[in-house]
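This report concerns only the one structure given below.
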Amino acid sequence: MKKLFIIPLFFVLLSCADNSSNNTNNKDTSTSDVFTTPFVSENSLILGENKVNYDKSKTFNTLIYQARNPVNEDYHIKNRYSISANGQQIKPTHPVFHKKFDVEKGSIESINELNKNLQQYAYNNNIKPIDKNSSVLKKTMPQTVEVGTKWESVYLLNIDDNTYSTISATCIAVSENAYFFMQDGLDSLTNEQITAITTDFDKDYNIIHHYYGKETDTDSNGKVSFLIANFSPDIFGFFSSADKYAPQDIPAVYKSNEADVLYINYYYFKNEWNKYQTDLKAAFIHEFQHMVLFDTRYRLGLNSNLDAWLNEGLSMLSEYYCGYAAPHERYIGGYFAKNQGISLITDDESQDYGLSYLFVRYLQIRFGDSIIKKLYASEYSGVKAVEEAVNMDFNDLFLDFTKMILLTGRNVTTDNRYNIEEFNYPEGTGGYAENGFNLAAIIDEVYSLYSEDNNFITSIGYNKSLELYGFAITKWYGNIDNITLSGSDGIAGMYGIW
């Protein structure tokens, strides 16, 4: 049995800031007009009282985080923390949040769980995906497809209860790299819609091959297939790994179409095209990343699973590469508004798309595009895959990530680990359009909507459970002489003033 050595974090991670910072905890505060203004604390906030001395005309910001040393992947750990200034704890009200950041995860959680369970079952039982040259398959996908070709007896997953119905579909378009089928009985797409999705996917297909890798032609028809069908409006689309296996090789609860097929929601073509066409185009490539990941890892002899927080983060990153970054502001804003404190590294239903994307995009900016294929090729599925790819301890990486969230765009450091140019472009500029958000502006907008008075602003209150590799931000206004942090081992914090 391996021994697990757990050291309280506030002793382990004392070097969380630049050496250029000033340590205010040891400053003489007896003279009221003497102060220092570090851009971030040199030492972590420790549990108990922390003396501070700073320019009282500026805003005092704290970020509380939880990590663990040594790293392990048991992320079902929660510690409670509370924080007060000058002995005063104020819990703010929670008004209804601005709709622009209103993003629901919906039924995609059940898809992720379905895929994870099946892929783990296949790996444990040495079940291989379909050999396209097998003579025993009963494929329903036509081998020759043109506009008007029928696809009969197609299994369509009901994502609300993980049951299947059988439908028929007809090919409505053929592009260089894909077939586009639509469920029979639905109103036709417009020519504008068909042109948009076929043209954009052919462009995006080559981008994914460049940065990520290639799919396997499982059904040997030479193209990827998309099925536009009517299912729950909770999601834009999904990939079912069951389609990559022969029906006789997997449990009967799963149904396989024995095809390289991805599912896109008809609802948004019919009802919300003008509002959501960017999201829809992104869905085609988002789901394609899941397929490419599955196929690549299988070809490398690896478990096809990556933990949901990494897999979804990589799919969100594929949207950025292909020019669909505009909706990402909603996801990131939704995280700061609703989900602070949850674990980054979760593989369950609490996984947050905005947080996962922000972290994976940070990896891509800091370590380069090659980070993707390194993650694809790792024998690990989560934290250790990241450590291997970046050659860095995950605790240190997570601390850098949270420090970046506190400092980027605040004009207090030029260190490109913590001040990310791509996250700081002003709205209305070309850089903003390409990247889709300004992180400091999102955080400030979120907190401006949760102000109860001029002393304390936070989206989650002063007393909260903090999961492993989770964090929470508070903003304080007024004269603060000390900060008291209460909680359990593994919780620490930092502060910045501007």
Side-chain angles (χ1 to χ4, degrees), residues 71 73 112 115-116 119-120 122-123 128-129 177-178 201-218 223-224 239 241 244 260 262 282-325 328 344-345 347 351 353 355-394 396-398 400-401 416-417 420 422 434-436:
V71 171
E73 299 201 27
N112 285 340
N115 284 327
K116 180 178 72 172
Q119 289 162 217
Q120 191 63 52
Y123 184 76
K128 308 299 184 186
N177 300 299
F201 181 73
D202 279 346
K203 166 186 68 72
D204 300 338
Y205 179 87
N206 295 315
I207 294 172
I208 295 304
H209 279 193
H210 175 73
Y211 290 107
Y212 290 79
K214 296 183 178 181
E215 74 283 9
T216 300
D217 187 11
T218 299
K223 297 182 189 291
V224 180
F239 162 63
S241 57
K244 291 286 187 174
D260 308 301
L262 299 162
F284 282 85
I285 210 67
H286 182 113
E287 303 310 327
F288 185 45
Q289 189 282 141
H290 290 317
M291 178 186 287
V292 170
L293 172 66
F294 175 93
D295 287 339
T296 301
R297 286 180 65 83
Y298 165 67
R299 288 197 301 270
L300 294 172
L302 303 170
N303 187 333
S304 293
N305 276 325
L306 275 187
D307 285 356
W309 63 282
L310 271 182
N311 198 346
E312 295 298 343
L314 287 167
S315 273
M316 296 287 285
L317 183 63
S318 75
E319 298 176 16
Y320 159 75
Y321 280 123
C322 295
Y324 307 122
H328 292 166
L344 164 67
I345 66 171
D347 195 34
Q351 181 266 334
Y353 286 76
L355 178 59
S356 291
Y357 171 62
L358 193 60
F359 181 78
V360 172
R361 183 78 204 285
Y362 178 72
L363 294 184
Q364 176 256 338
I365 291 170
R366 179 167 173 180
F367 298 100
D369 298 325
S370 63
I371 189 72
I372 299 169
K373 291 181 179 178
K374 290 178 181 179
L375 291 171
Y376 266 42
S378 176
E379 64 180 296
Y380 304 109
S381 63
V383 164
K384 291 182 180 178
V386 174
E387 287 190 319
E388 180 183 73
V390 303
N391 192 29
M392 185 176 180
D393 178 85
F394 196 81
D396 295 335
L397 177 63
F398 181 75
D400 281 354
F401 173 63
N416 59 15
R417 292 172 298 172
I420 306 297
E422 292 89 338
E434 179 182 350
N435 290 279

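Residue numbers start at 1 and run along the sequence shown. Only this structure's heavy atoms are used, side chains among them; waters, hydrogens and symmetry mates stay out.
- You'll find the side chain of Arg299 reaches within 4.5 Å of the side chain of Thr216, heavy atoms only.
- Tyr320 and His328 have their aromatic ring centers separated by at least 6.0 angstrom.
- How far CG of Asn303 is from CD of Gln120: 4.5 Å, rounded to the nearest 0.5 Å.
- Residues Val292 and Tyr376 have side chains in contact (heavy-atom distance under 4.5 Å, counting atoms from C-beta outward).
- By the 30° and 60° cut-offs, the orientation of the rings of Phe398 relative to Phe394 is parallel.
- Among Tyr211, Tyr205, Phe288, the one residue that satisfies the ring-ring contact (aromatic ring centres under 6.0 Å, His included) test with Tyr321 is Tyr211.
- Contact check for Asn305 versus Arg297: no side-chain heavy atoms found under the 4.5 Å cut-off.
- Gln119 and Ser241 make their closest contact through OE1-OG, 3.0 Å (heavy atoms, listed as atom of the first residue, atom of the second, distance).
- Side-chain contact between Arg361 and Asn435 is present, with at least one heavy-atom pair separated by less than 4.5 Å.
- When every heavy atom of Ala389 is checked against every heavy atom of Ile371, the shortest pair comes out as CB-CD1, 3.4 Å.
- With contacts defined as side-chain heavy-atom distances shorter than 4.5 Å, the pair Lys384/Glu388 does not qualify.
- Of the N and O atoms on the side chains of Ser356 and Glu312, not one donor lies less than 3.5 Å from an acceptor on the other residue.
- Between Lys214 and Asp295, every side-chain heavy-atom pair lies at or beyond the 4.5 Å cut-off.
- For the pair Leu397/Phe359, a side-chain contact is recorded, criterion being any heavy-atom separation below 4.5 Å from C-beta on.
- For the side chain to side chain donor-acceptor pair (under 3.5 Å) test with Asn177, the passing option among Asn206, Asp204, Asp202 is Asp202; the others fail.
- A pairwise comparison of heavy atoms in Leu302 and Tyr123 identifies C-CE1, 3.9 Å as the closest pair.
- Here the side chains of Asn416 and Ile365 are not in contact, with every heavy-atom distance at 4.5 Å or above.
- Under the 4.0 Å criterion applied to side-chain N and carboxylate O atoms, Lys244 and Asp260 are assigned as salt-bridge partners.
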